[in-house]
Amino acid sequence: MVSTYQIGDDDALYGVSGQPLEPDVVTELLRRQTSPTGSVRKAAAWDAYDIYRNRIERQVLRAISMQQNSRTIAMDMAKLLTKVRNDASDITASIAQVWKNGAERSIGAETEAGEASTTEAEQALLDVVKETGFDSIACEVNQLAWLQGPQFVVPFMRGSKLRVDVIGPHVYDVVQDLEDPYGHPVGLAWRLGTPNGQTTEHHVFILDTVSLTRYVVREGQPAKATDPVAHGYDRLPAGCLRFTRPMAGDDWYMVDAQSRLTSGTIDVGVLMARMGLVRRCQNHNLLTIIGRLDSMPKGQESGDSEGAIVANAQAQAGGAFPVQIATHDYDVDPLNFIRHVLFLVQSMVEPYGGHVQVDSGQPEIFGKVVIPPQVQAEHRKAQIKPSLEFEGDLWGAAAAMMAAEGHPLATVLPAPAELRAKLRVNFGELSQELEDPLAALAVEDWNLSRGLTSEIGIMRRRLGGATEKEARLTIERNMEARAWFNE
């Protein structure tokens, strides 16, 4: 007898581009979004998200409880948990740097002389980007996409303004394209509410290639759908930033790509809690009392005394005292713990081209993570192409949602598909951090002499990702001030 297959929380769902999602798929999305138990994939994604946000207590406490046989020791270690090291977050910040210098966007317009020209449509795009505030969160989205997994950035009209929401794999469920299961999905569901589902009312959003619908789900009642907002884009109107490509239809999310970093950070947290417990117990002189303890005056704490110990000093026959009190060195050197921590950190960073370095003249305990600039540049280079695809998807989707909901700039922008195809983005260059200022100037002069950069490019980096126009104006002001000074 063949039993009926029960779909799992992480099993793939499929739909067809250009068509509304099937009712059964919508029902399953609502179930997953309101389930109090979640799924294995979402639990792993939550771990990565919490670690990125420096909320590692839950993961470390869970690991302590699993590793320690003694509940008493586990509870004592929990009291000494520390968050001073978060190597997963630190390494991610050094590797995911596509938007570090901002992004200069254009629609490819040029004058007859071949110079860039800012058209009305291009200016409208720049105004829209500024309105969404995306540039202020772009670095964070970049880092989360690298550490946690694919991040969706969904444009919305809120009132008369365009806004963007960032939705991670700890929250969303996707519907894959039946004709392109590894590509851009055809459905996306997420919700507002507590992560464990313990709320009587859920607001679930389902976006597909036809419309956006909000569902209100109350306990014990059928889901109630609001009026859908049709966008007419014939494509899921959202940007998806990801640096992995699935090789199987049932592994679209790939939230475990950087699990060695999240697991290693938890291991370091456990080890440091254990070191804290050992140091608390073994960082002093050990007091020992040997003999007839009934001769000790009552009412004093001899196990962990902060004051003097009183004993009966009257000698017995033969000159022996009833008790012998002595102290012993009981201070455990933490160096072996620290070496263990640095070994784990070295094991974490080495696959990414980094290492643990001790600066000259510093003791061994001050090892720090170093990822050389050229290695950072290689990591960034590998992320550029997916980031360019994401930018096109995001601003094409923005144009579609603006047109659907009547944004005043919607008529000025190109059509969504045209904008997605014509958008050009320049992420600038990473600067080489050289401690010797003369060496840094020599590198800049060499790059200038060979056309590898320009004064405007250098100024953009110094201003923290300013636009080309802002950099040009700053150079002009500086040159005018210099001319005035030299008069």
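Two residues are said to be in side-chain contact when any heavy atoms from C-beta on lie closer than 4.5 Å; L21 and L29 meet this criterion. Looking at heavy atoms from C-beta onward, I56 lies out of side-chain contact with I266 at the 4.5 angstrom threshold. Residues M254 and R242 form a side-chain contact, since some pair of their non-hydrogen atoms from C-beta on lies under 4.5 Å apart. Taking 4.5 Å as the limit, every side-chain heavy atom of L236 sits out of range of all side-chain heavy atoms of V186.
The nearest pair of heavy atoms linking G183 to W252 is O-NE1, 3.3 Å.
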Verdict with reasoning, Q151 to F390, per side-chain contact (heavy atoms from CB on, under 4.5 Å): CA-CA 10 Å; Q151 303 290 311; F390 161 78; over 6 Å; no
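Relative orientation of the Y49 and H170 rings is parallel, given thresholds of 30° and 60° on the angle between their planes. Classified by interplanar angle (parallel below 30°, tilted 30° to 60°, perpendicular above 60°), the ring pair H231/Y233 is perpendicular.
In this structure, F134 CZ and W395 CH2 are separated by 6.5 Å, a value rounded to the nearest 0.5 Å. Put simply, NZ on K83 and CZ on R55 are 9.0 Å apart, with the number rounded to the nearest 0.5 Å.
In this structure, K130 does not pair ionically with D127, as no charged nitrogen and carboxylate oxygen lie closer than 4.0 Å.
For the residue pair H407/E405, the side-chain donor-acceptor check at 3.5 Å is not satisfied.
Crowding of Q67 atom CD: a count of heavy atoms from other residues, nucleotides or ligands under 6.0 Å exceeding 12.
R41 is linked by a salt bridge (Lys or Arg N to Asp or Glu O under 4.0 Å) to D10, D173, counting only residues two or more places apart in sequence or in another chain.
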